[in-house]
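Read the structure below first, then the notes.
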Amino acid sequence: MSTEAPVALTPPLAAVLGRRPDSRRIIAIASGKGGVGKTWLSITLSHALARAGRRVLLFDGDLGLANIDIQLGLMPEQDLGGVIATGNDLGAAVTAVPATGFDVVAGKSGSGALSSLTRQEVAALRQGVLDLSPRYDNVIIDIGAGIDTTQLILASTGGTVLVVATDEPTSLTDAYAFIKVAGKLMPRPDLRIVVNMASSKAEGERTYATLRRACESFLKFSPPLAGIIRRDNKVKDAIRYQTPFLTRHPHAEAAGDVEALAADLQKPPS
C-alpha cells in the first residue's frame, strides 16, 4: 500500500476547524472509496442504536451524492440544501423516520449541489451538527467516500470514526489512505475499522489483519476492529424496497452483526 498522502493538510484547513471539540456522542462513518455499504451501515446502525433505547440523529454528510432519504423512502419537508439556501438553523431539517425511533437530516439527493461548498461553509455545517448533538445520545454522520477536505472536516468532530472497508484491494488501499490523512489531522483519533460484506467472520478477521498490518508498518498505529458485518443478500432487498433493514429483515445475520456493533459502541471506554 502506498505511504503517500493524497491530500495535503494545509494550515488554512486547521484554521477553519479551529478548536477541536470533544464530543464522544458523535460517530462519523467514513470510507476511502464508494461501494462499500457505508450509507446502508449508517442507517442500520442508527436504527440499532434507537432500538436499544438511544436518542439518535443521522446526518447525511455525503454532500455530493446524498441518498439516505432515498434508501429510507422519505420525502422530508426540509433538507440540507434548503437549510443552506434559507440560512435556517440545521434543526429545521430534522425529520423523524417513521417506526424507527431515530431522526435524520437529509441531504439534497440527486443534485450534487452541495459538493461545491467552501471550507467555511462545510465547517459551519459541522458546527451545526455539534450544536444539535446535546439533544441526542448519538449523532451518526454519514460522510461521503474519499479523503477530500469536506470529508476530513466532517470527520473531525472529536468523536469516533468508523472506517468501512471490504476485502477488495482498492477498498483496503483507500481505507489506509483515509486513516493516514485523518490521523494527521486529528491528534489521538478514535479511528476504528468495520469490515463490511465479509463472506464469514474468519474472512473479516483476515481482511482486518491486512489493513492493521499496513497501519502498523507505515503509520505505527493499530486501529482497533469495531465489527464485522457479513455479506447478506437481504440487504439489497431492503434497499430495493426502501425499507430499513432491521424492519424488513430483523433476524438476518447482518442485522445481528450491526446490533452487536451498536452494543459495543455503547460500552464505556476502557
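Position 1 is the first residue of the sequence, and the numbers go up from there. Not measured: the values here are computed from a predicted model.
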With side chains defined as the heavy atoms from C-beta onward, is the minimum distance between [X] and [Y] less than 4.5 Å?
{"X": "E205", "Y": "L225", "value": "yes"}
{"X": "L162", "Y": "L265", "value": "yes"}
{"X": "P98", "Y": "L74", "value": "yes"}
{"X": "L132", "Y": "L57", "value": "yes"}
{"X": "W40", "Y": "L45", "value": "no"}
{"X": "Y208", "Y": "I228", "value": "no"}
{"X": "I239", "Y": "F245", "value": "no"}
{"X": "T95", "Y": "D103", "value": "no"}

Sidechain-backbone polar pair: [X] side chain, [Y] backbone, donor-acceptor under 3.5 Å:
{"X": "T173", "Y": "P169", "result": "yes"}
{"X": "N67", "Y": "I70", "result": "no"}
{"X": "T207", "Y": "E203", "result": "yes"}
{"X": "E253", "Y": "R230", "result": "no"}
{"X": "R119", "Y": "T149", "result": "no"}

salt_bridge([X], [Y]) N-O dist < 4.0 Å:
{"X": "D190", "Y": "R192", "result": "yes"}
{"X": "E216", "Y": "K220", "result": "no"}
{"X": "K234", "Y": "D237", "result": "no"}
{"X": "D142", "Y": "K38", "result": "yes"}
{"X": "E259", "Y": "R51", "result": "yes"}
{"X": "D257", "Y": "K201", "result": "yes"}

State the [atom1]-[atom2] distance between [X] and [Y], to the nearest 0.5 angstrom.
{"X": "I29", "Y": "L58", "atom1": "CD1", "atom2": "CG", "result": "8.0 Å"}
{"X": "I179", "Y": "R212", "atom1": "CD1", "atom2": "CZ", "result": "12.0 Å"}
{"X": "S222", "Y": "R213", "atom1": "OG", "atom2": "CZ", "result": "11.0 Å"}
{"X": "D232", "Y": "H249", "atom1": "CG", "atom2": "NE2", "result": "8.0 Å"}
{"X": "S46", "Y": "I140", "atom1": "OG", "atom2": "CD1", "result": "4.5 Å"}
{"X": "L125", "Y": "I153", "atom1": "CG", "atom2": "CD1", "result": "9.5 Å"}

Hydrophobic cluster membership, I193 vs M197, 4.5 Å side-chain cutoff: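 No, no single cluster joins them.
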For the residue pair [X] and [Y], what are the closest heavy atoms and their distance?
{"X": "V195", "Y": "G204", "result": "CG2-O, 3.7 Å"}
{"X": "V163", "Y": "A175", "result": "CG1-CB, 4.0 Å"}
{"X": "I68", "Y": "I43", "result": "O-CD1, 4.2 Å"}
{"X": "S31", "Y": "V36", "result": "CB-CG2, 3.6 Å"}
{"X": "P244", "Y": "T100", "result": "CG-CG2, 3.9 Å"}
{"X": "P223", "Y": "C215", "result": "CD-CB, 3.7 Å"}

Test item: side-chain donor near acceptor, N138 and R54, under 3.5 Å: yes
Pair T150-D148, side-chain donor/acceptor within less than 3.5 Å: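 Absent: no donor and acceptor within the cut-off.
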side-chain contact (heavy atoms from CB on, under 4.5 Å) evaluation trace for D69 with V104: CA-CA 8 Å; D69 56 331; V104 302; over 6 Å; no
Evaluation steps, salt bridge (Lys or Arg N to Asp or Glu O under 4.0 Å), between R25 and D137: CA-CA 6 Å; R25 73 184 72 230; D137 298 310; 5.4 Å; no
Aromatic plane relationship, F102 with H47 - under 30° parallel, 30 to 60° tilted, over 60° perpendicular: tilted
Within 6.0 Å of OH in Y241, more than 12 heavy atoms from elsewhere: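 At most 12 heavy atoms, drawn from other residues, nucleotides or ligands, come within 6.0 Å of this atom.
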For V129, the option from L90, L154, T157, V105 that meets side chain to side chain contact (heavy atoms under 4.5 Å, CB included): L90
L211/Y176 under side-chain contact (heavy atoms from CB on, under 4.5 Å): CA gap, chis, key distance, verdict: CA-CA 7 Å; L211 183 54; Y176 166 82; 3.9 Å; yes
side-chain contact (heavy atoms from CB on, under 4.5 Å) between I143 and F178, worked out: CA-CA 12 Å; I143 297 174; F178 181 91; 5.6 Å; no
